[in-house]
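Notes follow once the structure below has been shown.
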There are 2 protein chains.
Amino acid sequence: MLKQERHKLILDRLKLSKKVLSKNLSDELSVSEDTIRRDLKELESKDLIYKVHGGALLKENRVRSYDERSIADVEEKKKIAIKAVKLIKSGQVIIMSGSSTNLELAKIIPPEINATIYTYSLPIAVELSHHPSIEVIFIGGKLNKEAQVTVGIDIVNPIYNISADICFMGTDGIDVNRGLTEPNWEVSRIKNSMIRASNYVVVMCVSSRINSVKRHSVVPITEIDAIVSEIDPSEAIFSGFRDLNLTII
Amino acid sequence: MLKQERHKLILDRLKLSKKVLSKNLSDELSVSEDTIRRDLKELESKDLIYKVHGGALLKENRVRSYDERSIADVEEKKKIAIKAVKLIKSGQVIIMSGSSTNLELAKIIPPEINATIYTYSLPIAVELSHHPSIEVIFIGGKLNKEAQVTVGIDIVNPIYNISADICFMGTDGIDVNRGLTEPNWEVSRIKNSMIRASNYVVVMCVSSRINSVKRHSVVPITEIDAIVSEIDPSEAIFSGFRDLNLTII
DNA sequence: AAAAAAAATGCACAAACACGCAAAAAAACG
DNA sequence: CGTTTTTTTGCGTGTTTGTGCATTTTTTTT
């Protein structure tokens, strides 16, 4: 058995059970414990594992590119993501906006889903790049460091050439009369073109932000097909949207 | 038995059982182990297999293989980055290719530098997004998960509209006669357009890869202005490049 | 504090490797 | 066809890599 084979096997094993013991490995691979120790040492120097006495542990070093602590309402957003992920089917072409809710959604897409996802968010692209069968297409442009998304008129044009089955749009502003709104003008233009490129538009919004209005208009409410929130769809707060035939999830 | 026959057989065998041993192959094909080694070396230079001590493994198309390979020579790459960072001045428009050397470079750009950087590499964009005064422009496209860069013809066009002062290009293949070469065709086209968009082209290459040739040509050596390596510029290995008036750093 | 387990250290040795060279084979050429 | 050139191959040399073992040091357990 070659050294690299052992390395791969050790890493696979680690991924599966989060820890390995030198003793077990040396038994199962029929090499001396010394060799296993050397293997672990080498893998550690490559930052692939976390070596400890007697074995090694899985190293969780997903580079979180922006501060997750600063995100509000994480629990609510996770609930929304769990509901929204059911809308994703294999074969779809999907557009995702750059919201933290979409980041949660990206984390929980099942491995067997095979789809194409367009995004302009750095953290979402990083997250999706770990997925085995999602094709990721990053919409480039000038990077807004605060939000970790690309902006700029240059990115609107490429979006016109996309035709997507479904668009997942995170928002802090949705209102029956004013429709979808956004504090940042550039982002409002990008969201607008994303929606126009999509057959079906899903807005994800925590319940506390429903019926709130921001400065710049994205699209009227008639352009939206569905709203996903963390609360029960039959709540009274949705009555206005239901009257307009929106699907509430 | 002809060389190409063996090559094909080796690749088939690899696909089937994920590993081959030089010893076995030399027995079964009745050639010396040296010949098998040469075969494997050639296949590796074409990026078709992953050569290891004692044989070869199937080239993995997973993210991990990128991690393991790129971590190699990290000390050399840091030295190169330290030399290269001196070329960066405030006010410049810079293009960075998606190499691990450029990632090291991105990490050490002084905070007081104020510049615009174009890149198509996800990790480099993430790194630069933490810099206080660098404007980052991400060149979008289909994400190649293995190398964490965007590729695709769609990204070449936008590059034509850029005009940059300096281009930092990482490479594993530079040679006096064959110029800059690349194993991946799509990447070779992108690198080509990046170089054509730049006034001054700096190639960063660890000394062990100097005079190595990959499959696809990027540009002839005359398009290159400077080479940065981790070793002393007066080393004999650079004489051919010096004759062509390249700056060696 | 003593005993046991794991790790580091140094050494030996076989297997795999790189390099140069020359023979053999294949290709190119008139 | 013969001859020249290029490519491919095998072998001898010395070097590097991977592995196991004995010994000492460090860490963990009792």
Side-chain angles (χ1 to χ4, degrees), chain A residues 1-11 13-14 17-59, chain B residues 1-11 13-14 17-59 68-69 71-76 172-173 175 177-178 206-215 231 235-237 240:
Chain A
M1 166 157 290
L2 298 166
K3 185 166 69 115
Q4 281 78 358
E5 278 187 281
R6 284 199 312 272
H7 286 193
K8 183 166 144 39
L9 199 142
I10 291 171
L11 288 173
R13 172 77 66 99
L14 255 180
S17 61
K18 306 218 181 284
K19 87 168 175 187
V20 291
L21 304 179
S22 311
K23 189 76 181 53
N24 293 355
L25 286 172
S26 98
D27 274 3
E28 289 166 42
L29 305 183
S30 330
V31 288
S32 75
E33 276 189 71
D34 277 286
T35 300
I36 295 294
R37 261 193 287 278
R38 274 186 278 244
D39 286 340
L40 297 181
K41 202 186 237 171
E42 194 174 333
L43 291 172
E44 188 191 35
S45 78
K46 289 180 181 169
D47 254 349
L48 296 171
I49 65 172
Y50 175 40
K51 190 170 167 305
V52 295
H53 258 255
L57 301 174
L58 187 62
K59 171 147 190 176
Chain B
M1 165 158 290
L2 297 169
K3 187 161 71 110
Q4 273 72 7
E5 284 184 274
R6 284 200 312 274
H7 286 195
K8 185 163 155 26
L9 198 144
I10 291 172
L11 288 174
R13 172 77 67 98
L14 253 181
S17 62
K18 296 194 188 302
K19 90 164 173 184
V20 291
L21 303 179
S22 313
K23 189 75 180 50
N24 292 355
L25 286 172
S26 99
D27 274 3
E28 290 166 40
L29 305 183
S30 332
V31 288
S32 76
E33 278 189 68
D34 275 286
T35 300
I36 295 295
R37 262 194 287 278
R38 274 186 277 245
D39 287 341
L40 297 182
K41 202 186 244 173
E42 194 174 334
L43 291 171
E44 189 192 34
S45 79
K46 289 181 184 166
D47 258 349
L48 296 171
I49 65 171
Y50 173 37
K51 189 171 169 305
V52 298
H53 221 85
L57 300 173
L58 194 61
K59 192 164 147 49
E68 284 202 59
R69 271 184 302 122
I71 304 259
D73 302 330
V74 75
E75 285 312 312
E76 286 81 357
D172 276 354
D175 179 89
N177 301 310
R178 299 285 309 278
V206 297
S207 58
S208 60
R209 303 308 182 98
I210 286 168
N211 289 326
S212 84
V213 176
K214 305 288 172 183
R215 191 182 192 89
I231 58 172
E235 292 271 351
I237 197 172

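Only heavy atoms go into these numbers, but all of them, side chains included; no hydrogens, no water, no symmetry mates. First the proteins, then the strands, lettered A, B, ... as listed; each starts at 1.
Salt-bridge annotation for B/R6 and B/E42: absent, with no side-chain N of the basic residue lying under 4.0 Å from a carboxylate O of the acidic one.
Rounded to whole Å, the distance from CG on B/L40 to P on C/dC17 is 8 Å. Taking atom CD of residue B/E33 and atom C1' of nucleotide C/dC17, one finds them 10 Å apart after rounding to whole Å. Note: CZ (A/R37) to C1' (D/dT23) measures 13 Å, nearest angstrom. The interatomic distance linking A/E42 (CD) with C/dA8 (C1') rounds to 17 Å, in whole Å. Rounded to an integer number of Å, the gap from A/H53 NE2 to C/dA6 P is 10 Å. Whole-Å rounding puts the B/E44 CD to C/dA16 C1' distance at 15 Å. Rounded to a whole Å, the NZ atom of B/K23 is 9 Å from the P atom of C/dA15. A straight line from NZ of A/K51 to C1' of D/dT26 spans 12 Å, rounded to a whole angstrom.
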- Task: For B/L29 and B/M1, run side chain to side chain contact (heavy atoms under 4.5 Å, CB included): C-alpha distance rounded to whole Å, both residues' side-chain angles, the deciding distance at 0.1 Å, then the answer.
- Result: CA-CA 8 Å; B/L29 305 183; B/M1 165 158 290; 4.2 Å; yes
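Exactly one of B/Q4, B/K3, B/H7 qualifies for a side chain to side chain donor-acceptor pair (under 3.5 Å) with B/D39. That residue is B/H7.
Contact between B/K51 and B/R37 at its shortest, heavy atoms only, is CE-O, 4.0 Å.
At least one side-chain nitrogen or oxygen of B/R6 sits closer than 4.0 Å to the OP1 or OP2 atom of D/dT9. When the side-chain nitrogen and oxygen atoms of B/S22 are compared with OP1 and OP2 of C/dC17, one or more of them lie within a distance under 4.0 Å. Remark: B/T35 is in phosphate contact with D/dG10, judged by side-chain N or O atoms under 4.0 Å from OP1 or OP2.
Nucleotide D/dT30 has C/dA1 as its partner under the Watson-Crick or G-U criteria, with both atom distances under 3.5 Å.
Each of B/I36 and A/K3 was matched to the nucleotide of DNA chain D holding its nearest heavy atom; the match closer to the 5' end belongs to B/I36.
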